[in-house]
Amino acid sequence: MDLPKQYDPSTVEERLYRRWEENGYFHEEPDPARPPFIICMPPPNVTGRAHLGHGSTYTPMDVLVRYHRMRGNNADWLPGLDHAAIATEAVVIKDLAREGVTRDDLGREGFVERAWDWSRTYGGAIESQFRVLGFGPDWQRSRFTMDEGLSAAVRSLFVRLYREGRIYRGRRLVNWDPRGQTTVSDAEVDRVERDATLWHVAYPLRDDSRRNIVIATTRPETILGDVAIAVHPDDERYAGLVGSHVLVPPLLDRAIPIVADAAVDRTFGTGAVKVTPAHDATDYDIGTRHALPMPSILDQQARITGAEIAVGPYDGMDRYEARMRIVEDLQRDGRLVKEEAHRMSLAVSERTGDTIEPMLSLQWFVRMDELAKPALDAYHNGQLRFIPERYGRTYEQWLENIRDWNISRQLWWGHRLPVWYAPDGTPVVAETEEEAREIAMRDFGTDVLVRDPDTLDTWFSSGIWPFSILGWPETTTELQCWYPSQVLVTGGDIVFLWVARMVMLGLHVMGELPFPDVFVPPLVFDAQGRKMSKSLGNAIDPMELAKQYGADAFRMGILRQMRLEGQEIRFVESRCEEARNFNNKIWNATRYLLTLAEGLPGARILPKTQSLTIADRWILTRLRDTILAVESAYDRYDFGSAADALWRFVWYEFCDWYVEATKIEDNRPTRAAVLSFVWNNAMRLLHPIEPFITEEVWLAIPHDGKTIMTATWPDPEEVPVDRDAAAAFESVQRAAERLRNLRAEMGLQPRTPLTLETPANVPAAAAALLGHFAVAAIEPAPAAGDTLEDALAALRARAPRELLEARYTKDLMRLDGEVERLERKLSNEAFVAKAAPDVVAKERAKLEGYRLEQKSVQSALDALTDSVA
RNA sequence: GGGCGGUUAGCUCAGUGGGAGAGCACUUCCCUGACACGGAAGGGGUCAUUGGUUCAAUCCCAAUACCGCCCACCA
């Protein structure tokens with residue numbers, strides 16, 4: 001066996017992944033005989049590319065599924081892609097623009113065809129990126145939200161909710177994205193801080209034009225749609241004016257009332273606010289409360305329109321042009337009282353970046369209050385659990401303040417509403433056009449129908465993901481065995497956008513929570529705590545990291561930065577480099593195993609317990625502890641702890657101490673079996689995190705089975721434990737460290753031949769180990785029967801006086817400090833009286849230990865000075 | 001305006017009611033029969049500030065400061 005000195009992941013990972021996939025190791029069939037472990041992958045956008053966030057959310061899923069598969073569970077990770085209406089439509093439009101074609105040139109059918117082409121050709125590139133990262137979902141079951149099956153599920157859900165009266169059509173205020181030409185959900189609106197101007201405008205009283213009421217606004221163009229002025233009911237400044245009317249400048253062609261409403265903030269601006277219900281959410285509420293008219297003054301291009309109310313010369317102007325013209329006109333008329341700088345948060349479309357215009361529009365909505373209640377109950381009674389817990393409060397807060405969900409989008413790419421309109425405009429809702437015609441024939445005596453052009457919000461299809469991918473509404477075996485899944489893993493930013501909706505729809509449609517646990521991994525930021533973004537230029541491509549360090553190292557690198565309660569990872573690339581080094585360590589330890597002269601026995605054969613040395617017993621004890629630690633960490637979603645525990649075991653315990661110990665004569669008879677056994681177990685423990693190198697190593701050492709993927713998870717009961725031996729070994733470690741410390745301080749050459757007899761108080765097997773690490777000559781050799789301390793003393797005796805003096809003085813200072821601290825503590829009556837007895841006893845023992853040490857160092861120091869004198 | 005995190009070594013972060021930790025970086029030594037992507041030894045911190053609880057606080061509580069996240073109808 002001639003293995004290269006350096007592990008090269010590029011020659012391993014692709015080959016192994018292909019083997020796994022070709023052999024169907026990721027695939028699983030429903031098996032009611034075994035406990036299920038199902039994770040529905042949050043479907044990435046079909047337009048998406050892998051980014052570091054996938055490292056923190058998708059790696060844990062892969063780890064969990066691999067772990068549960070090894071435990072013998074019916075484990076499957078169900079993948080898929082989201083059609084991502086807005087993103088895809090934007091990409092296709094951009095594509096078309098290069099050819100000088102617009103969406104409308106193409107027409108709806110052609111455009112949708114084009115979007116399909118794009119999705120099939122370029123879409124889903126992220127799936128091959130996931131393969132590079134070692135993610136192993138059940139690709140054979142991959143679904144696309146636009147697939148016929150899932151589309152049928154969407155139609156079925158819509159019809160069902162409509163017939164239950166939970167879906168309705170209404171004129172409501174929605175977020176309009178003028179650039180995207182569509183409505184946008186609240187959750188897809190970003191708030192950005194902007195410097196703006198606050199204009200103070202005087203509205204003259206209708207019945208006394210010499211008197212004014214002054215309001216403050218950042219959006220003068222909306223004055224055209226004003227229907228009232230509102231003041232706070234308790235505001236004495238305006239108490240006398242409530243009920244009177246003012247004229248709307250600059251046109252002064254109509255009068256509006258002054259109303260009192262508690263929504264008004266008396267401290268802001270002038271304490272009086274203009275009310276434009278058609279273009280502002282607060283105003284809309286005020287308008288509803290006071291039964292005010294709600295004229296729109298903006299069209300879909302965000303131009304001023306006189307369609308519903310007279311807008312004078314501003315008709316047809318762009319919103320910003322109208323704003324400036326109106327300001328000029330107000331100034332000309334002397335109605336602009338004041339202009340001040342104002343910092344405000346502006347609503348911006350997450351996708352297009354355009355300023356959102358709240359607009360009244362006829363849209364489809366889902367009534368949420370009744371759906372939200374069971375979803376809240378499930379959280380309150382503990383059936384639904386968030387990890388970390390604080391995300392539960394986000395969920396709770398959102399559901400408690402839930403508003404009806406606008407589900408219609410003015411896009412072409414997506415699930416078209418299963419809604420047709422009769423000639424009189426009455427909607428007919430049905431799963432198919434045939435069914436719709438039948439209904440129309442029956443109810444209206446006509447089958448002339450026009451289909452609603454809108455498509456559904458992407459989250460409408462994502463909301464039923466946990467059961468639509470299992471074949472719902474058909475009753476499939478998958479649905480019966482694999483719903484609900486065991487855990488949902490997703491980013492904290494979509495707890496309400498997605499999680500809450502899946503819970504509501506799962507409870508409503510399936511009658512059962514889609515998952516009991518929601519694990520929210522931290523978000524990934526750069527080392528300065530800034531969000532990673534292309535525009536900032538600080539985005540790190542996981543593909544690059546995988547190429548440079550290996551996918552295993554990327555996974556390990558990011559998992560080691562995860563903390564259970566953390567809400568962010570400040571990603572440090574050097575962690576991936578460290579992990580690459582870690583893998584190289586694994587590789588070379590394997591080389592050592594494979595070059596042992598005696599060869600490795602079978603995977604699971606341990607020598608008789610009596611023949612095990614203390615080093616053997618120690619590493620086996622540590623192995624058992626590590627198995628338990630890793631299991632517990634995975635079960636708690638504490639991936640950082642699992643990674644740390646494995647790191648420590650593999651590198652610092654197995655490689656640094658045990659492998660070294662096996663080079664000692666005494667350990668030779670048992671070492672091959674113990675090395676083989678421990679390394680085989682270690683690879684299985686590590687496999688979920690680092691799938692590739694563990695497979696490569698596992699296949700190279702004695703093993704059972706075809707792939708580590710389906711090897712059994714290590715059983716702690718199979719690993720013998722000997723705490724006393726482990727403790728003895730640890731004291732040898734401490735002694736070895738003391739020896740090495742002396743050697744280093746004395747500047748002894750490491751290769752000076754060693755003669756160190758077995759100290760009387762050190763077990764034989766350990767003595768050799770000590771000698772191996774001490775690597776320093778002691779002359780004359782201590783006599784047999786001397787203690788370890790004698791040996792150390794003999795070593796010290798050869799050191800230069802100055803060095804020893806400095807060393808002793810330093811030790812003494814430290815010991816003096818400890819002794820003084822403990823003496824003070826123990827002479828404190830309150831401490832002795834009130835502290836727990838075992839604590840007091842422990843402190844006393846510590847003090848005694850320090851005093852003894854102090855005395856011996858002191859006398860050594862004295863002897864040193866005496867000998868000089 | 002509400003809610004929630006964080007502040008520990010130069011950097012990124014663990015951790016505990018009773019002697020401050022890891023990795024990287026740094027200093028020194030070493031290619032010792034797997035590994036220089038390595039081994040060994042070492043230096044380095046008033047655990048943000050103030051007050052409280054306690055025999056005892058880096059840890060529990062409160063306030064403050066700074067950093068960050070989420071929610072919200074200050075036009």
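In what follows, chains are A, B, ... by sequence order, proteins preceding strands, each numbered from 1. Side chains are part of it too, since the values below use all heavy atoms of this structure and drop only hydrogens, waters and symmetry mates.
Using the six-membered ring where Trp is involved, A:Phe519 and A:Tyr637 have ring planes that are parallel, under 30° apart on the 30 and 60° scheme. Relative ring orientation between A:Tyr395 and A:Phe386 is described as tilted, the plane-to-plane angle lying within the 30° to 60° band.
Counting distance only, with no hydrogens placed and no angle test, the side-chain atoms of A:Glu843 and the base atoms of B:A56 include no donor-acceptor pair under 3.5 Å. In the interface, the side chain of A:Lys5 is not paired with the base of B:C35 through any donor and acceptor atom under 3.5 Å apart.
Between B:A34 and B:A40, the two P atoms lie 15 Å apart (nearest whole Å). Using P as the reference atom, B:U64 and B:G2 are 11 Å apart when rounded to the nearest Å. Separating the C1' atom of B:C61 from that of B:G17 is a span of 13 Å, rounded to the nearest Å.
Between A:Arg844 and A:Glu848 no salt bridge is recorded (no basic side-chain N to carboxylate O distance below 4.0 Å). For A:Asp644 and A:Arg563, the salt-bridge test passes: some basic side-chain N is under 4.0 Å from an acidic carboxylate O. Here A:Arg172 does not pair with A:Asp404 in a salt bridge; the nearest charged N to carboxylate O distance is not below 4.0 Å. Taking 4.0 Å as the cut-off between side-chain N and carboxylate O, A:Glu396 and A:Arg393 do not count as a salt-bridged pair. Salt bridge absent: A:Arg668 and A:Glu598 never bring a charged side-chain N and a carboxylate O closer than 4.0 Å.
Atom-to-atom, CZ of A:Arg575 to P of B:A25 comes out at 12 Å; the value is rounded to the nearest Å. To the nearest angstrom, P of B:G39 lies 11 Å from NZ of A:Lys663. When the C1' atom of B:G6 is taken as reference, atom CZ of A:Phe525 falls 12 Å away, rounded to whole Å. The distance between atom OH of A:Tyr7 and atom C1' of B:A34, rounded to the nearest whole Å, is 16 Å. At whole-Å resolution of the value, CG in A:Leu523 and C1' in B:G6 are 15 Å apart. As a whole-Å value, the separation of A:Phe654 CZ from B:A34 C1' is 10 Å. Going from atom CG of A:Asn581 over to atom C1' of B:A34 covers 15 Å, rounded to whole Å. Taking atom CD of A:Glu396 as the reference point, atom P of B:C71 lies 16 Å away to the nearest angstrom.
Annotation: proximity of residues 545-563 of chain A to RNA chain B (heavy atom, distance under 4.0 Å) is found for A:Arg563, numbered in ascending order. Within residues 815-830 of chain A, the residues having any heavy atom under 4.0 Å from RNA chain B are, by residue number, A:Glu818, A:Arg821, A:Lys825, A:Asn828, A:Ala830.
Donor-acceptor pairing under 3.5 Å is recorded for the side chains of A:Ser632 and A:Arg636. Side chains of A:Asn588 and A:Arg591: a donor-acceptor N/O pair is present below 3.5 angstrom, by distance only.
Under the rule for a salt bridge (Lys or Arg N to Asp or Glu O under 4.0 Å), A:Lys585 has no partner lying at least two apart in sequence or in another chain. For A:Asp226, the salt bridge (Lys or Arg N to Asp or Glu O under 4.0 Å) partners two or more places apart in sequence, or in a different chain, are A:Lys274.
Using a 4.0 Å cut-off, no side-chain N or O of A:Asn588 falls inside it from OP1 or OP2 of B:G38. An OP1 or OP2 oxygen of B:G39 is reached within less than 4.0 angstrom by a side-chain nitrogen or oxygen of A:Trp651. An OP1 or OP2 oxygen of B:G39 is reached within less than 4.0 angstrom by a side-chain nitrogen or oxygen of A:Lys585.
Pair assignment for B:G18 gives B:C55, based on Watson-Crick or G-U wobble hydrogen-bonding distances that are each under 3.5 Å. Under the Watson-Crick and G-U wobble criteria, each requiring two contacts below 3.5 Å, nucleotide B:A63 is paired to B:U49. The partner of B:C11, taking Watson-Crick or G-U wobble pairs whose two distances both stay under 3.5 Å, is B:G23. Of the nucleotides present, none pairs with B:G33 by Watson-Crick or G-U wobble criteria with both distances under 3.5 Å. Base-pair partner of B:C4: B:G68 (Watson-Crick or G-U wobble, both distances under 3.5 Å). Under the Watson-Crick or G-U wobble criterion, with both distances below 3.5 Å, B:C73 is left unpaired in every strand shown.
When all heavy atoms of A:Glu823 and A:Arg851 are compared, the closest pair comes out as OE2-NH2, 2.7 Å.
A:Thr590 OG1 to A:Trp679 CH2: the interatomic distance, rounded to the nearest 0.5 Å, is 5.5 Å. One finds the CD1 atom of A:Ile619 at 7.5 Å from the OG1 atom of A:Thr626 (value rounded to the nearest 0.5 Å). The distance from atom CG of A:Leu523 to atom CZ of A:Phe571, rounded to the nearest 0.5 Å, is 14.5 Å.
When side chains are defined from C-beta on, A:Ile569 counts as touching A:Ser56, because their heavy atoms get closer than 4.5 Å.
A:Arg580 comes within contact range of at least one nucleobase, with a heavy-atom separation under 4.0 Å. Residue A:Arg844 is out of contact with every strand shown, counting any heavy-atom pair closer than 4.0 Å. Here A:Tyr652 lies in heavy-atom contact (under 4.0 Å) with sugar-phosphate atoms only. As judged by a 4.0 angstrom heavy-atom cut-off over every strand, A:Val659 is placed among the base-contacting residues.
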Is there any protein nitrogen or oxygen under 3.5 Å from a nitrogen or oxygen in nucleotides 2-5 of chain B, and what are the pairs?
none

Protein and nucleotides 72-75 of chain B: nitrogen or oxygen contacts under 3.5 angstrom:
unit_1, atom_1, unit_2, atom_2, d
B:C73, OP1, A:Arg403, NH2, 2.9
B:C73, O4', A:Thr282, OG1, 3.1
B:C73, O2', A:Thr282, OG1, 2.6
B:C74, O2, A:Asp265, OD2, 2.1
B:A75, OP2, A:His342, NE2, 3.4
B:A75, N6, A:Asp265, O, 2.8
B:A75, N6, A:Phe268, O, 3.2
B:A75, N1, A:Asp265, N, 3.3

